[in-house]
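Scroll down for the structure; my scribbles are underneath it.
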Amino acid sequence: GYAYSKIPTGMADRIKELNNEVMRITDIHLSDDGKWIIIYGKNGFTRSGLPYDLDDLLVDWNENGYTILSASFDDMGHWIAISDEKYCASDSRTTQWIADGCKKYGKAISSCISHGIAVVVYERGYQIMGNAPYGLVNAIKTCGFKVRIIKATKSAWFISDGMGSYRYYM
């Protein structure tokens with residue numbers, strides 16, 4: 001199933017198609033400018049308006065059989081991508097920040113980047129770069145489930161275990 005409101009028509013159409021095909025959506029990201037990506041199945045993705053270097057990386061990962069776990073980007077060209085074996089970001093400082101998180105929390109599993117906020121979820125924790133929106137950190141600590149997905153903007157957030165439990169503030 002799915003739910004959405006006021007998203008680009010092409011994105012809505014692909015969500016409906018993937019749902020009808022009973023294809024599991026692994027990650028989804030929508031920028032303020034209406035650019036989007038949907039990651040599904042083992043390494044499939046559909047998109048509109050990705051930064052070229054992120055698009056090239058995901059095509060390479062797809063062709064080489066990596067399981068794509070997450071990809072996120074902002075409207076200024078910053079991005080993070082995570083596969084089952086690799087992670088990469090649009091700049092070396094962010095890539096190093098992810099590497100430091102892997103040493104502390106284990107394998108990276110999902111990401112979000114938006115409005116000067118970057119979030120990466122790992123097997124045993126998470127990191128936030130920038131200012132977390134109101135209530136996010138407290139919600140993660142008190143939610144009662146293992147957080148596998150965090151999506152955030154400067155004023156809203158969504159957390160989930162990826163299996164049906166979630167909280168949000170919008």
Side-chain angles (χ1 to χ4, degrees), residues 1-5 7-32 34-74 78-90 94-95 98-99 101-102 105-114 117-128 136 139-140 143 145-153 156-168 170:
Y2 56 89
Y4 58 77
S5 178
I7 64 173
T9 303
M11 184 180 200
D13 292 344
R14 285 300 291 147
I15 290 170
K16 289 176 190 174
E17 290 170 14
L18 292 167
N19 188 67
N20 290 339
E21 296 170 14
V22 193
M23 190 63 64
R24 180 169 172 25
I25 294 175
T26 307
D27 194 15
I28 193 164
H29 187 80
L30 173 64
S31 77
D32 285 337
K35 300 169 187 167
W36 54 269
I37 185 167
I38 303 169
I39 298 173
Y40 60 91
K42 180 180 187 270
N43 67 354
F45 64 98
T46 183
R47 73 282 198 194
S48 177
L50 291 188
Y52 293 116
D53 46 352
L54 174 57
D55 194 88
D56 289 346
L57 175 73
L58 295 176
V59 167
D60 179 66
W61 284 1
N62 174 276
E63 290 173 352
N64 287 293
Y66 294 109
T67 300
I68 301 170
L69 302 176
S70 182
S72 57
F73 57 94
D74 64 18
H78 304 108
W79 54 265
I80 297 172
I82 299 171
S83 81
D84 58 339
E85 296 181 37
K86 299 180 175 200
Y87 53 83
C88 195
S90 54
T94 303
T95 301
I98 298 168
C102 287
Y105 301 113
K107 186 176 173 181
I109 56 175
S110 70
S111 68
C112 177
I113 191 164
S114 174
I117 301 164
V119 180
V120 174
V121 179
Y122 302 87
E123 292 173 315
R124 298 182 311 277
Y126 66 93
Q127 291 190 124
I128 299 173
L136 173 61
I140 295 167
C143 67
F145 55 82
K146 183 172 176 62
V147 174
R148 310 278 295 170
I149 300 165
I150 301 173
K151 298 292 182 178
T153 68
W157 53 263
F158 170 86
I159 61 174
S160 173
D161 65 356
M163 302 301 288
S165 296
Y166 63 91
R167 283 193 180 175
Y168 66 91
M170 294 186 194

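The structure presented is a predicted model; accordingly, all values stated were derived computationally and were not measured.
For Y52, the ring pair (Phe, Tyr, Trp, His ring centres under 6.0 Å) criterion is met by no residue, not counting sequence neighbours. Residues meeting the salt bridge (charged side-chain N to carboxylate O under 4.0 Å, His left out) test with D27, sequence neighbours left out: K151. Scanning for side-chain hydrogen bond (donor to acceptor under 3.5 Å, both in side chains) contacts around Y66 gives K86, with sequence neighbours left out. Applying the salt bridge (charged side-chain N to carboxylate O under 4.0 Å, His left out) rule to E17 yields the partners R14; only residues at least two apart in sequence or on another chain are considered. Applying the side-chain hydrogen bond (donor to acceptor under 3.5 Å, both in side chains) criterion to K35, with sequence neighbours excluded, gives no partner residue. Checked against side-chain hydrogen bond (donor to acceptor under 3.5 Å, both in side chains), D60 has the following partners two or more places apart in sequence or in another chain: N64. Residues meeting the side-chain contact (heavy atoms from CB on, under 4.5 Å) test with Y105, sequence neighbours left out: Y122, Q127. Listed by chain and residue number, S70, S72 satisfy the side-chain hydrogen bond (donor to acceptor under 3.5 Å, both in side chains) test with S111 (two or more places apart in sequence, or in another chain). Annotation: side-chain contact (heavy atoms from CB on, under 4.5 Å) contacts of L136 (sequence neighbours excluded): I128, A132, P133, I140, I150, A152, W157, I159. Applying the ring pair (Phe, Tyr, Trp, His ring centres under 6.0 Å) rule to Y4 yields the partners Y2; only residues at least two apart in sequence or on another chain are considered.
Within the structure, salt bridge (charged side-chain N to carboxylate O under 4.0 Å, His left out) contacts touching residues 41-58 (residues at least two apart or in different chains) are R47-D55.
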Identify every side-chain donor-acceptor pair in residues 19-26 under 3.5 Å, counting partners at least two apart or on other chains, and give the distances.
residue	atom	partner	partner atom	Å
N19	OD1	G1	N	3.2
N20	ND2	K16	O	3.3
R24	NH2	G162	O	3.4

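Checking side-chain atoms of K107 against main-chain N and O of R124 turns up no donor-acceptor pair under 3.5 Å.
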